[in-house]
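As the structure lists them, so they are numbered: ligands from 1, and atoms in each ligand from 1.
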Amino acid sequence: MNALPPRARVAAAGETPTGSDGGGDARRVRTTCPYCGVGCGVVASVGAAASGERPVPETIAIAGDPQHPANLGRLCSKGSALADVLGQEGRLLHPQVDGRRTDWDGALDRVASGFREAIAAHGPDSVAFYLSGQLLTEDYYLANKLMKGFIGSANVDTNSRLCMASTVAGQKRAFGSDTVPGSYEDLELADLVVVTGANLAWCHPVLFQRIQAARRRRPGMRLVVIDPRRTATADEADLHLAIASDGDTALFNGLLHHLIATGAVDRTYVERHTTGFADAEAAVAGADLAATAAATGLASARLQDFFRAFAGTERVVTLFSQGVNQSEAGTDKVNAILNAHLATGRIGRPGMGPFSLTGQPNAMGGREVGGLANQLAAHMEIEDPRHRALVGQFWDAPAMARKPGLRAVELFQAVAAGRIKALWIMATNPVASLPDNAAVEAALAACPFVVVSDVTAATDTARHADVLLPAAAWGEKDGTVTNSERRISRQRAFLPLPGEARPDWWIIAQVARRMGWARAFDHDGPAAIYREHAALSAWRNGGSRDFDIGVHAGLSDAAYDGLQPVQWPLPAEGGGGGTGRLFGNGAFHTPDGRARFLALAPPDPAPATPARPVLLNTGRIRDQWHTMTRTALSARLSAHYAEPFAELHPETARQHGIGPADLVAIESAHGRILVRALVTARQQPGMAFVPMHWNDQTSAAGRVGRLLAPRIDPVSGQPALKRMPVALHRFPAAWYAFAVSVDRPDPGGLPDLPYWALARCRRGWRLELAGDRPAGDPASVAATLLGTAGDGEQVYADAAGGSFRLARFAGDRLVASLHLARRPVAVSRAWLAGMLDREMPASQDRMALLAGRPGSDRPDPGATVCACFDVGANTILQAVGRGCTTVDAIGASLGAGSNCGSCRAEIGELIRHAGS
Ligand code: SF4
């Protein structure tokens, strides 16, 4: 079969397609950010390019869409830097089979035959898809349809399992449906916002800025943050509860106990609209203040503050995210939160309700089409025979899956056990993101047939692929995504497809056609898929299921092109205006229409032990996204943190003999990593925090998933990523080094180098290194790492002291610099990186380069704080010294903190530090 590749429709200069504002030489296309679940609207302004050429990133301007209801024009640092990641560096541009370039027909035929042969020999449950919250709803829909309706297995799961599966399970237990009841507007209308298990200021920054703006308008509005760490979000809270790890169920049980004891339960609501309250009440009978304080590690007085605030405030929203979900008891934590809202009847009304925040841009869309192995499409249940029949009829499916499939962690365990013979991974990097990822890597290496479709050529996962398929990236693909408030928005293409890259939906449909199901996968574009998805949601629904977007079943292609952001449900009879709140009438999707209380016992998670005395927590940082395959391409996003690190409390560091800037080896029963120590009182004693982002492409040993056990919540299947007993050891480095280079350095050239971390800087690269054996001849080290390009060098060497410094020039330009020492290298990294590729005539004082610091006549910006305006800590401190003593004054003077606002908490801390 000839594969005829489609081209995404890209508006021409001056053309004004629906969803775009044309005019002049630039095209302005309205689309949606591809990072977090806030789902911000973006306007991409694309400059003119030569005929047939792809516009270069420098001609593309990214701005927040003032008309998008999620962000009203705001973007965070990641969204603002989207143009930085639109180049073709590292792109997978051509199909490959067995490491060799081929054409699409050859690659697609190989995928189809690989799956067909596995199914014929071992049955449909011997194959699996592993999908991603990065996929668009239309991609997700087709993948799910192919596996569950035509192959006949439910082995299709997604990295969203790692993100919000516990919320899905908890909401279904309580509401009978996977429904987020409220809207972002409720966060602004609330008088009390409770944030638990979410560092909003860094991970959902635009939402946090909306809350902060509302607090400035209404100073009486309170913010309570529940988090073991003093995060940037906690810095801004009226009350921070530094809870013990996995203490959430005990805390919310204690809250329910308090609500009952103080008469704050809405008995009328409970009686009319819920069941199970008596059992829940009995379960919290012992959760008095003292017991809750003991179970959560919180002082009674602070607990009481929180309980009284919750009990005494009608308009309460409780926001929760991965800190709740990523636990062996994540589903119970979710239900403990829902119990408190149901007990007070605070749900589905303005300014109140529980509110889960999704991590990924389309985790919600994946849920809607059945991207999880225990769901069918359109929020139907795979274990319900009526639902199976209904979906089977709609699809005219020859082989409906009859039972739930394997969930993420179980799926890769089945691969390791040899039960999965063919696996297709789309748009995700499980070798870097799943727990126990050394085992995941070994499983992939042993799997007979692995297909990876991705945007990036070199990922920790892609290196195990038998077939590599180049997928379209953000800005090149068309479809829809759904954000955390159930709002469906369009992602629109504004760039042509590079090389032979193709949209995921097209790749899936091509494989399905080759497997013999041409008629069922004859869609000619995402609009046709979306119409089918919408029609299925309404198919014999009649109000029985929450997810209904039937009004979109008849959208024309032009109407789909111009689709405005809108919240589901959107039933055909509802007019299409969207629905902001649900459950306000007390009617739920359980068989009796009542919400369910759950009787919950706090978990008894794995404790620290004498051998592994520290509890590891993982999470995200402000300027990176997932496994860095895109955000690491941006110099400004890489400036905030340029190497993997572990936050340690000073007491914990002291106990382990670890000093600031030392390297620390962290070991668990599953593996070992090596990261920089960041000693800070933000962390609790006895805990360590390591970001999830670093991978084998950006560091020697920074992949934190190596340490994590593959433990899951038994209800949701979500892995526990927030609590792992580990041992810490100071790494006995014999030498440390820091380098900058206009060309990509090659740390792999130094054999058995235990530590390196590579990051982009504006005109090149920066590299941290350390070794535990003597470095050898420093000049050879420099040549191996940095090559020999250039025509002039300046060198300082102190063999006895173990110190070596080199600055290399091409003409008058600095092209590379290396600082090597026996102790952690103390140079101004931001300044050195900023000097790269700069003209520096020999007549100037080049000695400053060897010193690693600017002369006294030049400013040293210090470590980057504001990524939007590239403002460093020293620059901010100097402005404080000049009298800028508020965050707004710093913004007015330097710009820092005045764009996305993600760094406002850090600026505030610098001001406080300067004043102390
Ligand atoms: Fe993108 Fe930032 Fe908005 Fe999230 S908050 S959708 S990362 S711009």
Problem - Polar side chain donor-acceptor pair, N199 to R620, under 3.5 angstrom - result: no
Handout entry: Donor-acceptor under 3.5 Å (N325 side chain, G330 main chain)
Key = no
Handout entry: Aromatic plane relationship, Y530 with H552 - under 30° parallel, 30 to 60° tilted, over 60° perpendicular
Key = tilted
Practice task
Would you check if T579 and W568 make a side-chain contact, meaning some heavy-atom pair closer than 4.5 Å?
Solution key: no
Handout entry: Crowding at CZ, R762 (>12 non-hydrogen neighbours, <6.0 Å)
Key = no
Practice task
Could you tell me whether R315 and E188 make a salt bridge, using a distance below 4.0 angstrom between a side-chain N and a carboxylate O?
Solution key: no
Exercise for the section: Go around atom 4 (Fe) of ligand 1 and count every protein N, O or S atom nearer than 2.8 Å. Expected result: 1
